[in-house]
Amino acid sequence: MNKFIRVNMTSLEVKADGIPEKYKGLGGRALTSAFVYDEVKPTCHALGKNNKLIFAPGLLSGTSAPNSGRISVGAKSPLTGTIKESNSGGSFSQKMARMGIKALVIEGMPTDDKYYVINIKMDSITIDEAPLEILNGIGNYKAIEVLNAKYGEKIGIALAGPAGEHRLPAANISFKDPEGNIRSAGRGGLGAVMGSKKVKAIVIDDTGSKPVPIADPDKFRAASKVFAQALMSHPVSGEGLAAYGTNVLVNIINEAGGFPSYNFTTGRIEHNDNISGETLNAVITERGGEGKVSHGCHPGCIIRCSQWYPNEKGKYITSGFEYETIWGLGADAGIENFDDIAYIDRAMDDVGVDSIEIAVAIATAMEGGLLPWGDGKAALNAVKEIAVPTHLGRLIGGGTSVVGKVCGLFRTPVVKDQGIPAYDPRAIKGIGLTYATSTMGADHTFGYCISGNILKIGADLDPLKKEGQIEYARAMQIGTAAVDTTGMCLFVYFGIADSPEGYQALIDMINAQYGLSLTSEDVDKLGENVLKTEIAFNKAAGFTNVHNCLPEFFEYEPLPPHNVVWDFTQEEIDKVQDF
Amino acid sequence: MKKKKKAIEIRGFLHLDKAFRKKYGAPPFYYNLESTITGLELAKILEVNPKEIEVIFVNGFVQSLDYQIHPGDRVAFLPPGCPGPYRVALGFYGKNQGSKSNFTLDE
């Protein structure tokens, strides 16, 4: 990859330069966070002219490495005010990498009210006026159809949906997947940043591109084979996720009593069977039609945790129907009907919002009396109203923190104004430490991977006790920051956590591609540097360790069935990032 | 079905959900227990191959297959396949080391 592209939306000019020396060894989150630290004024308004939006494929994107198709997007977040990296599947990342594009930066903002499409081809980049047919509340599904017709069926697309046009804090960036459906860089409101720069869409056509150069193809092929074997022979990545998706966690987390429900007032529900991964599999299988139990979100995905969920007539409703979305609507908001949840998921993709933030905001709105508890139809209408936007649509699209404040609630489950996802920190304490210390607000994927010996970290953990949790959270955060630089899906974690050969193969692939000789210590150091860069940006933006905390209600409201509270002190929390 | 005082409440997850549903109906189902029994003994009674179980849940806590189950307990059988760092956070790695299901990578 040899191009570093800057699109200036103030002057509507494009510059394609070589890659700055300091970014040559970086990719994915390492690159987006380093760039935001270097070039974005930490105290800027996230929706103002001084914020910058950067898209970067991972170090292994565009190669034949399994599961390497994630695209990282970075900026200052309008939801949290912190640095943000959000990543997604789809084909965008692989096309960028094959075209030799290390990064695409969007900076400045137009003074007029027009929206634009950035059109990237091998030999040109233009800034076109966006067609009217995709503006003013038109949903993402329709927008993809229009852009496919205008620019070609094989293009990759990144979109600011209606929520992005309205610059709402929960707006995501939506990416077209291989079948023309939708994947999302969901968290942190980066769709609002894209909308603020009046970029409605980026289309990318890699016709004429060449394969990504590999310094040592034989070594790369050998490492890739070992890596694929580690993934496919593991029961999680080889079997569990393909059959049940991430939603396999409904029954498990519910059984563990860490399934936050009815706005975080209990850790277990009785209607889990309505919304479980096992039921998801059974419904898709029984309905047939366009339904698919297993599906990959990008070319080269061999885990295939996605699925196509059909309606009773077998017609596609939604895909990538994730555990956290189903938890948020099904348990936190108490919506018991699976089809209702699926239609809300589709509507969230269509308006372009983070399905975790909006699900938690809906549950908070139910507690605040804005919506009836468990009412799927009312929730669906509220999500659709984001596209208009009505006052209710703006409130929900504002995210959980806004809804909690407007409703006068103390029980508002956010960290740094980002909604807490599907694992209650009182009953699964290690996750709580990651929510508290994440540089991007509450985020379960901030501490997802591990590089070292998992038995040393995890053998003695008791989810309700403090012992070992600080070391666990620290190791997970460092490992995740490193994997996020590669373009790999985080679900490769299982193959690398339980197989030393799998982890070494991941490093060997990077070495073979770039002609390097990185060790596992080097990779850990990279993860640490990513975290330190993000912490430094946040400090300059005004965040201190005092912001690394959970909402107070977790300290005094015991969570049934284990009846536990959050009891880490600030001093203990601070030790997580003491490295 | 209502739970009797000495009965244990049983669930199966992943593919065991379908298998138990076929034999015993919608979850949970109940089994009368007069005295304590290990998870492994219960699995044998229910004709579940130990290779199909990574850990069990007893009253909401992850346990190994040799854990003692008492009358009145709530039990769930979990085959290999639970994703996420929750495998670590919930304590799987302290409880699955003796499991026959653990793991097939080196076989």
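What you are looking at is a predicted structure, and each value in this text was computed from that prediction instead of being measured. Below, chain A is the first sequence line, B the second, and so on; all start at residue 1.
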Below 4.5 Å from any heavy atom of chain B, which atoms of [X] appear? Answer side chain, backbone, both or neither.
X        : answer
A:Ala243 : neither
A:Tyr493 : side chain
A:Ile253 : side chain

How about B:Phe61 and A:His562: are their ring centroids closer than 6.0 Å?
yes

Before accepting this row, confirm whether a basic side-chain N of the pair B:Arg74/A:Glu255 lies closer than 4.0 Å to the acidic partner's carboxylate O.
yes

Taking all non-hydrogen atoms of both residues into account, name the closest pair between [X] and [Y] and its distance.
X        : Y        : value
B:Gly60  : A:Arg268 : CA-NH2, 3.6 Å
B:Gly84  : A:Tyr448 : CA-OH, 3.4 Å
A:Gly447 : B:Pro85  : O-CG, 3.7 Å

Are the side chains of [Y] and [X] in contact, using a 4.5 Å heavy-atom criterion?
X       : Y        : result
B:Leu14 : A:Glu239 : no
B:Pro83 : A:Val248 : yes
B:Cys82 : A:Leu249 : yes

Candidate pair B:Lys18 and A:Asn281, rule side chain to side chain contact (heavy atoms under 4.5 Å, CB included), full reasoning:
CA-CA 10 Å; B:Lys18 192 174 178 182; A:Asn281 177 301; 6.0 Å; no

For the [atom1] atom of [X] and the [atom2] atom of [Y], what is their distance to the nearest 0.5 Å?
X        : Y       : atom1 : atom2 : result
A:Tyr423 : B:Leu90 : OH    : CG    : 10.5 Å
A:Asn272 : B:Phe13 : CG    : CZ    : 7.0 Å
A:Thr279 : B:Asp17 : OG1   : CG    : 6.5 Å

Please step through side chain to side chain contact (heavy atoms under 4.5 Å, CB included) for the pair B:Leu16 and A:Glu278, ending with a clear verdict.
CA-CA 9 Å; B:Leu16 289 179; A:Glu278 292 84 344; over 6 Å; no

Side chain to side chain contact (heavy atoms under 4.5 Å, CB included) assessment of A:Asp460 paired with B:Tyr93
CA-CA 8 Å; A:Asp460 300 319; B:Tyr93 285 88; over 6 Å; no

How about A:Lys225: does its NZ atom have over 12 heavy atoms from other parts shown lying under 6.0 Å from it?
no

Quick check on B:Lys44: does its NZ atom have over 12 non-hydrogen neighbours (other residues, nucleotides or ligands) under 6.0 Å away?
no

Mind running salt bridge (charged side-chain N to carboxylate O under 4.0 Å, His left out) on A:Asp273 and B:Arg11 for me, showing each step along the way?
CA-CA 11 Å; A:Asp273 195 38; B:Arg11 290 169 176 80; over 6 Å; no

Is there a donor-acceptor pair closer than 3.5 Å between any side-chain N or O of B:Tyr86 and the backbone N or O of A:Ile252?
no

Among the options A:Leu464, A:Leu461, A:Leu490, pick out the one with the most heavy-atom pairs lying under 4.5 Å from chain B.
A:Leu461

